[in-house]
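Single-structure report; data block below.
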Amino acid sequence: MNVVYALMVLGGLGLLFGGLLSYAAQRFAVEEDERVEVVADLLPNANCGACGYPGCINFAEKVVAGEAPVDSCIPGGKAVSDRICEVLGLESVASDVKKIAQVFCLGTKDAAADLFEYQGIKDCKAAMMFGDGFKACKYGCLGLGTCVEVCPFDALSMGENGLPVVDPERCGGCGLCAKACPRGVIRIVDAAPRGKVVLCNSQDRGRATRNACEVGCIGCKACVRACPQEAVTVENFLAYIDRTKCNDCGECLDVCKRDVIKDFKDYIKTN
Amino acid sequence: MSQRTFAGGIHPSYFKDYTAGKPTAAARAPTQVIIPLHQNIGAPCEAVVQVGDEVKVGQKIGEPQGFVSAPIHASISGKVTKIGPYNHPLGKPVEAVFIENDGQDTLYEGVKPNKPLEELTPQEVIQIAKEAGLVGLGGATFPTHVKLSPPPEIAIDTVIINAAECEPFLTADHVLMLERADDVVYGLKAFMKALQATKGIIGIEDNKPDAIVSMQKAVAKGGQGYDLEVHALETKYPQGAEKMLIRATTGREVPPGALPMAVNVVNQNNGTAVALAEAIKLGKPLYERVVTVTGPGIQHPANLIVRNGTLVSELIEQCGGLTADARKLILGGPMMGLAQPSGDVPVIKGTSGVLILTQKFVKDHASGPCIKCGKCVDACPMHLVPNFIGSAAEKNNFELAEKYGALDCFECGCCTYTCPAKRPLVQWIRIAKGEILARRNKQ
């Protein structure tokens, strides 16, 4: 008999609370645009913040509310943007240029000299606190991996040579690494596999660069003279190639004495 | 009698035997001095001499730019050979004046005694401190005349002479108390006059009993008509941090983010007191100071009187050079001093010590995760939670670090010292502080 009482009491309580809950669910329901959830599902969900909002769900809310541009999701690129437009019934606006993080430094452990032994926290920001870092070159990669730490896509890893390696498959081009790098060695560039690049960030004079690193750009302008497309400029002793003008002829690559000009295709492939 | 002290702190080994009790000796004047034009907290100086100028000892070569700044004087007589950037103890090269020694040591005509202290007005004392380029010689190098000019609504009643010298290895303050006790008292009286304070306290850690006796004698001799006390403090790091010292000597608690003047106190290092005494008695500007050259990595440790702008490598050479296993050079003490990449760095006003450590002292420990033992919380003299701040900073969560009071940390390093997981806590907190302040400036 006790069993029956117990069942009745517990069952009764269950029914009572169930009823209360179902009433509350209807009475206090929060009106939510169901498209928010659909859009959120389309997003990469890395919560990288490249769109300017704290996370993917916040971005989805703003997009649906019409407060954020549909093409703000950089890692998602055109594919995601187009699908969001589909959901929201808008015209497609995004260009199909994929972005990727690129490390503008070839100063490996062996190539770039250290000024002193650094014993502090293995973090580039920490290393920068004394004398702007332990490398002789004040512009190159310190190799302590602050960029690797912040990458939400696991697209960066620290290579054995002391330079970060970008996985082009995974990199969403969100730019968190570029922001985190105290040296500004990482930049976000167009991911299309064409053109040549100068993989150096040193704005020191030629001799200073030569002393600090075996592979730094010394600003000799040989590449400027060699380029038939006038795609190369030198500013602050550092060459820059405009890849939209570059026709991949490779003249600059041949004349560069410091071997800092690389094929962007190879750069993506080897990494 | 209960001991005068503060809550928290650590007990590192003293390592003072290397130089304790060694009398000061004048270091050989170098053939060239390189005097940086930024030697204090606040604005740098601008050179008022040109290349080719002949300068004399004590002649002003750097004019301060702004109120929180102090002039810089030539430490040798000779010719200015160059003005340009040179290594600085803080890491980044700054503008410096290179002077070649003519070996004459001619004193500048402007260096002459002032009126005796009794006849000076408070304003005149402050002016003398300012003209002599006095800064806090404990290491923080805050311009002295600024400390002596509190806002009019704040009445300072107590001046504390900071002679705790809680950093291991260093004995520069200790030796000054033995040799120049009368000048310390004279300087304290001058500080009290400038601030119109009624009470003067000299705080000394009790591991220096000879200094305590020496100061008590000097106070009995020169302190008539003044309310002066010598306080023996518990030997505990960081007893010489200003907030800890105020707590230990007066029982007053400086509120977070406030200066000692909020509790009507001004702190001065005893080296600064001696420098002020010299500035009044002789008119001598601050161009030399006592530097403890010490550590297991140096052949003959010594307390040297060093001219401003002498290269550290020169001092090491004068002390017999390095031992074979010397490994690390630190300017200041081992807790808060600055490690240097090379000896080619000049001694500046804030350089209290040159410390050479050997391999045994500089092991690079691998750090582990926080085990939440709370040792750093017990050790933190500011009653912060260093483990939380450190972890927040490690995860780039600087808002959280700020919420936990990162900005109240004065970087004594007790947390890192005491952490059994060898976590670099104070280092993370420094990053957090830098980041928080940078973000504030941006807003």
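Looking only at side-chain heavy atoms (C-beta outward), B/Pro168 and B/Pro334 come within less than 4.5 Å of each other. Inter-residue side-chain proximity for B/Val135 and B/Gln39 is flagged as unmet; no heavy-atom pair is nearer than 4.5 Å. For the pair A/Phe134 and A/Glu117, the minimum side-chain heavy-atom distance is 4.5 Å or more.
Relative to the six-membered ring of A/Tyr139, A/Arg183 misses at least one condition, a distance below 6.0 Å or an angle of at most 45° to the axis.
Of the residues considered (B/Glu394, B/Arg327, B/His88), B/Arg327 shows the highest number of contacts with chain A, using heavy-atom pairs under 4.5 Å.
Neither the backbone nor the side chain of A/Glu149 has a heavy atom closer than 4.5 Å to any heavy atom of chain B. With a threshold of 4.5 angstrom between heavy atoms, B/Asn396 approaches chain A through side-chain atoms but not through N, CA, C or O.
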